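Structure, as structure tokens:
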Protein chains: 4
Amino acid sequence: MRRSAILDAAEAVFAEHGYNGATLEEIAERAEFGKGTLYNYFPGGKEELYEVLFEERVVGGLSAVVEAALPDARSLATPDEARAAFHDFVSGLLHHFEANRSVLRLYISEAPRAFNDPDRMTMMVRLFEGFMVTVTRAIARAMDAGALRPMPALPVAHLLIGNVRGLLMAHIASDCLPAGIHELPPLVPDETADFITTVLFDGLLARD
Amino acid sequence: MRRSAILDAAEAVFAEHGYNGATLEEIAERAEFGKGTLYNYFPGGKEELYEVLFEERVVGGLSAVVEAALPDARSLATPDEARAAFHDFVSGLLHHFEANRSVLRLYISEAPRAFNDPDRMTMMVRLFEGFMVTVTRAIARAMDAGALRPMPALPVAHLLIGNVRGLLMAHIASDCLPAGIHELPPLVPDETADFITTVLFDGLLARD
Amino acid sequence: MRRSAILDAAEAVFAEHGYNGATLEEIAERAEFGKGTLYNYFPGGKEELYEVLFEERVVGGLSAVVEAALPDARSLATPDEARAAFHDFVSGLLHHFEANRSVLRLYISEAPRAFNDPDRMTMMVRLFEGFMVTVTRAIARAMDAGALRPMPALPVAHLLIGNVRGLLMAHIASDCLPAGIHELPPLVPDETADFITTVLFDGLLARD
Amino acid sequence: MRRSAILDAAEAVFAEHGYNGATLEEIAERAEFGKGTLYNYFPGGKEELYEVLFEERVVGGLSAVVEAALPDARSLATPDEARAAFHDFVSGLLHHFEANRSVLRLYISEAPRAFNDPDRMTMMVRLFEGFMVTVTRAIARAMDAGALRPMPALPVAHLLIGNVRGLLMAHIASDCLPAGIHELPPLVPDETADFITTVLFDGLLARD
DNA sequence: GATGAATGAGATTTCATTCAT
DNA sequence: AATGAATGAAATCTCATTCAT
């Protein structure tokens with residue numbers, strides 16, 4: 001209860017100001033707690049708050065999405081099945097992030113902090129490992145079944161995630177802009193999922 | 001001379017520690033200058049150093065690559081021409097980043113700082129605008145010529161960039177890891193460019 | 001019952017970490033009470049705990065020793081009687097502290113805290129007054145009886161106490177040291193009492 | 001210059017409030033420096049300030065005294081020579097501390113902090129080692145020469161130091177007291193040295 | 001121009017104490 | 001009487017920036 005109120009506040013403040021710009025003062029204030037209370041729930045302080053947020057909210061959310069869309073039980077044996085499944089996955093990600101704007105901000109803007117510190121990077125890799133494994137396994141299954149062209153599955157997974165992240169970055173960039181500088185149409189999850197799925201499955205080349 | 005020695009030092013230190021972790025002390029030391037001297041060359045201090053670095057090195061490098069591979073003069077009228085041109089582009093990016101590791105680190109891990117501050121974001125969008133416009137225009141040309149399937153060109157540009165960034169992120173992540181946690185094969189620019197081009201142009205679906 | 005369980009815990013924790021290093025959290029934990037309960041028994045909090053400990057355990061113990069060895073009723077009329085009595089006193093102190101290591105730690109390392117605060121110093125002086133008076137009176141009696149050389153009795157009392165404290169400090173110092181740095185033989189109360197008594201009564205000068 | 005101004009301020013503040021009660025704020029204020037300046041001179045912060053103070057001022061002062069009074073070259077072959085030398089030593093200590101009140105306060109009230117931390121204790125033992133060795137060696141020489149009764153020299157050194165410290169503690173205690181609670185006459189270094197020397201060399205026993 | 005000592009705002013963190021339950 | 005979550009004052013320490021030399 002209290003714990004999640006603190007996490008809510010931390011999520012908002014980290015998303016708005018970034019890890020370094022966020023102050024415990026502001027988090028405590030927004031949570032309507034004293035500063036010291038944070039340390040009762042998260043003795044590790046700022047860093048622990050950040051990690052828990054990533055674990056529970058960022059990765060937790062992504063995992064829920066991937067497990068809903070790409071369970072091991074789902075058949076990916078035909079091109080249509082594969083396309084439908086990955087469409088669901090991409091669409092799920094977009095819906096999830098649309099509904100959790102500040103989680104998205106955390107993911108996009110704060111995850112790269114890990115590149116400056118091996119410990120943080122190790123933590124991140126561990127956190128995202130399950131997620132990546134599930135995605136990669138689904139891709140491999142579809143390839144094994146002959147639905148997808150045989151390729152190294154892990155790089156394909158990175159491409160897929162990179163596609164989603166690329167579009168999301170472009171879209172939240174506009175949130176941060178004063179006005180009309182960026183002309184992207186609003187992100188409509190299902191249309192965007194169609195778009196990504198089409199490019200990725202059918203390729204950019206014109207066909208007759 | 002001095003100026004670029006300072007920038008070299010700043011590039012290295014920002015890349016290693018991130019914007020917040022970098023100290024002017026260390027930059028000055030590595031540049032073999034006094035701290036005060038930095039302010040003669042970059043009166044705006046740390047923030048200006050960061051901006052100049054992005055402008056001259058990150059964006060400058062990207063622009064050189066895109067202009068080499070996708071000049072307006074290059075014909076993109078047939079699928080093969082388009083494929084070859086974009087392959088050159090991706091390959092150029094990968095080669096550039098392979099040769100400029102710390103620029104890559106800046107691009108991947110420090111650019112997202114912009115999401116926490118509208119001013120910085122505006123700057124970033126301006127800086128990257130030319131680059132994005134050139135990529136987008138090339139895509140649009142190939143579509144207009146019938147080489148590529150007609151789609152909104154800007155989102156496709158974001159996808160393309162996102163693909164490259166996704167793979168690069170995965171690769172520099174392993175640099176930051178203790179050992180053997182991540183099993184990606186070493187990034188070979190031309191093979192990786194083949195891979196990205198194939199997926200993007202032909203799609204993942206198996207074809208007979 | 002409860003009260004003394006709390007004092008036991010406080011004694012241990014103060015002895016181990018010093019006044020400032022001790023936390024009520026740890027004291028409560030070791031006493032197996034809630035933190036709030038401490039305030040039911042010792043409304044003055046940390047400071048009161050410390051004072052009570054000094055009064056009941058440090059000074060209380062010292063007073064018991066001095067009253068056993070140097071009661072007003074004990075005859076100190078001859079050199080042998082005086083020597084025996086003070087030997088008993090010193091030996092009693094050493095035995096007491098040997099059996100109460102953490103009381104000793106409190107006495108040696110935490111009493112000096114009083115020097116930083118007149119109120120605490122006043123308290124300390126009051127607490128130790130009875131003890132010092134008894135020692136001083138015994139010395140004065142022995143002097144009046146002609147057993148000891150006439151000298152100002154109070155400074156002699158400080159010397160005597162200082163001797164004991166000096167050796168004790170040297171000995172507990174070795175407890176705190178990593179290994180073999182300090183070469184003092186183990187403190188054997190009766191031998192050490194012999195030693196102190198000999199020096200103090202007979203002097204260091206060689207005699208024939 | 002600056003460095004010693006900071007040390008002067010730190011000495012005064014530590015002496016007045018003790019290690020824990022002292023704040024860097026107050027030290028900086030008294031030194032008429034900004035807080036940050038302290039860290040230019042003493043990067044280790046409060047702890048380093050404290051260590052340097054002990055090394056340079058407390059131990060440095062004691063070593064100067066002991067080397068002046070008890071150099072290896074001084075003959076301690078007869079009782080009179082020994083008595084004179086140790087009288088000089090005690091008198092030197094008392095003069096030194098009379099002239100350096102806050103150094104005395106540091107020595108008396110802050111050195112015991114070491115008992116709560118092995119690292120600090122190790123440091124203290126190292127710092128005081130040279131001093132103790134010199135005193136002990138002088139005692140041993142006097143014993144070897146037959147001037148003093150043969151006894152273990154190190155414990156005798158602790159007794160001697162303990163005597164001085166005991167009297168000093170009694171005297172600075174009165175400084176901390178409101179008024180007239182403590183009746184010690186003012187400490188007159190040479191008389192007090194006579195007193196200590198007499199007790200220690202001739203013993204307390206009355207002689208005819 | 002070059003320097004680096006000085007600065008102090010501002011951040012994180014600790015913990016004695018309170019008080020509603 | 002017993003509790004321990006909540007509190008926030010207060011402490012240490014960092015570092016971008018200034019400016020006299």
Side-chain angles (χ1 to χ4, degrees), chain A residues 1-3 6 17 19-29 31-49, chain B residues 2-3 6 17 19-29 31-50, chain C residues 2-3 6 17 19-29 31-50, chain D residues 1-3 6 17 19-29 31-49:
Chain A
M1 203 66 196
R2 316 268 212 189
R3 201 185 108 101
I6 291 174
H17 302 295
Y19 182 85
N20 282 283
T23 69
L24 296 191
E25 189 92 33
E26 185 175 353
I27 293 173
E29 207 171 303
E32 298 182 312
F33 280 88
K35 245 181 313 175
T37 305
L38 296 179
Y39 286 86
N40 292 336
Y41 290 91
F42 303 94
K46 200 181 187 182
E47 188 65 27
E48 184 179 350
L49 225 32
Chain B
R2 315 263 213 197
R3 203 185 106 100
I6 293 173
H17 302 296
Y19 183 86
N20 282 284
T23 66
L24 295 196
E25 187 90 33
E26 188 178 350
I27 293 173
E29 206 172 304
E32 298 182 313
F33 280 88
K35 238 186 315 178
T37 307
L38 297 180
Y39 286 84
N40 292 331
Y41 290 91
F42 303 94
K46 199 181 187 183
E47 188 66 26
E48 183 179 349
L49 226 33
Y50 170 82
Chain C
R2 316 265 215 193
R3 202 186 105 100
I6 292 173
H17 303 295
Y19 183 86
N20 282 284
T23 68
L24 295 195
E25 187 88 36
E26 187 177 351
I27 293 173
E29 205 171 303
E32 298 182 314
F33 280 88
K35 237 185 318 179
T37 307
L38 297 179
Y39 285 84
N40 292 332
Y41 291 92
F42 303 94
K46 199 182 189 183
E47 188 65 27
E48 184 179 348
L49 226 34
Y50 171 82
Chain D
M1 201 65 195
R2 316 270 212 190
R3 201 185 109 101
I6 292 173
H17 301 295
Y19 183 85
N20 282 284
T23 68
L24 296 191
E25 189 92 33
E26 186 176 351
I27 293 173
E29 207 171 303
E32 297 183 312
F33 280 88
K35 244 183 314 176
T37 305
L38 296 180
Y39 286 86
N40 291 337
Y41 289 92
F42 303 95
K46 200 182 187 182
E47 188 67 25
E48 184 180 348
L49 225 33

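Here the structure is a predicted model, which is why all the values come from computation and not from measurement. Chain identifiers are assigned alphabetically (A, B, ...) following the order of the sequence lines, protein sequences preceding nucleic acid strands; residue numbering begins at 1 within each chain. Only heavy atoms go into these numbers, but all of them, side chains included; no hydrogens, no water, no symmetry mates.
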(message) What's the separation between atom CD in A:Glu48 and atom OH in A:Tyr41, rounded to the nearest 0.5 Å?
(response) 13.5 Å
(request) Working to the nearest 0.5 Å, report the span between CD of D:Glu32 and OG1 of D:Thr37. (result) 12.0 Å
(message) With a 4.0 Å limit, can you tell me whether A:Arg2 has a side-chain N or O closer than that to the phosphate oxygens OP1/OP2 of F:dA6?
(response) yes
Distances under 3.5 Å between nitrogen or oxygen atoms of protein and nucleotides 19-21 of chain F:
none

(request) Give, for atom NZ of A:Lys35 and atom CG of A:Leu24, the distance between the pair rounded to the nearest 0.5 Å. (result) 8.0 Å
(request) Under a 3.5 Å limit for both distances, which nucleotide forms a Watson-Crick or G-U wobble pair with F:dA9, could you say? (result) E:dT14
(request) Round to a whole Å and report the spacing from CG of B:Asn20 to C1' of E:dT12. (result) 15 Å
(message) Is there a side-chain contact between D:Thr37 and the phosphate of E:dT7, meaning an N or O under 4.0 Å from OP1 or OP2?
(response) yes
(request) Select base, sugar-phosphate, or nothing to describe what B:Ala22 touches, counting heavy atoms under 4.0 Å on all strands. (result) sugar-phosphate
(message) Tell me the closest heavy-atom pair linking C:Lys46 and C:Tyr19, and the distance in Å.
(response) NZ-O, 2.8 Å
(message) Ignoring hydrogens and geometry beyond distance, is the side chain of A:Lys35 in donor-acceptor contact with the base of E:dT12 at under 3.5 Å?
(response) no
(message) In whole Å, I'd like the distance from the OH atom of A:Tyr19 to the P atom of E:dA11.
(response) 14 Å
(request) Quick one: pull up CZ in A:Phe42 and CD1 in A:Ile27 and give me the separation to the nearest 0.5 Å. (result) 10.0 Å
(message) Need to verify one output field. Residue with the more 5' nearest nucleotide on DNA chain E, C:Gly21 or A:Glu25?
(response) A:Glu25
(message) Can you confirm whether C:Glu47 is buried at CD, in the sense that more than 12 heavy atoms of other residues, nucleotides or ligands lie under 6.0 Å from that atom?
(response) yes
(message) Rounded to whole Å, how long is the line connecting atom CZ of B:Arg3 with atom P of E:dA2?
(response) 14 Å
(message) Nearest 0.5 angstrom please: D:Thr23 OG1 to D:Glu29 CD, how far?
(response) 8.0 Å
(request) Can you tell me the distance, in whole Å, between the CG atom of D:Leu38 and the P atom of E:dG8? (result) 12 Å
(message) Could you tell me how far apart B:Asn40 (CG) and F:dT17 (C1') are, to the nearest whole angstrom?
(response) 13 Å
(message) Give me the atom names and distance for the closest heavy-atom approach of C:Ala28 to C:Leu38.
(response) CB-CD1, 4.2 Å
(message) Can you pull out the residues from residues 41-48 of chain B that lie within a 4.0 Å heavy-atom distance of DNA chain E?
(response) B:Tyr41
(request) Measure the distance from CG on B:Leu24 to P on E:dT3 and round it to the nearest whole Å. (result) 15 Å
(request) State the pairing partner of F:dA2; accept Watson-Crick or G-U wobble contacts with both distances under 3.5 Å, and report none otherwise. (result) E:dT21
(request) Using atom OH of C:Tyr50 as one end and atom P of E:dA16 as the other, report the distance to the nearest whole Å. (result) 15 Å
(request) Could you state the atom-to-atom distance from CG of A:Leu49 to P of E:dT12 in whole Å? (result) 11 Å
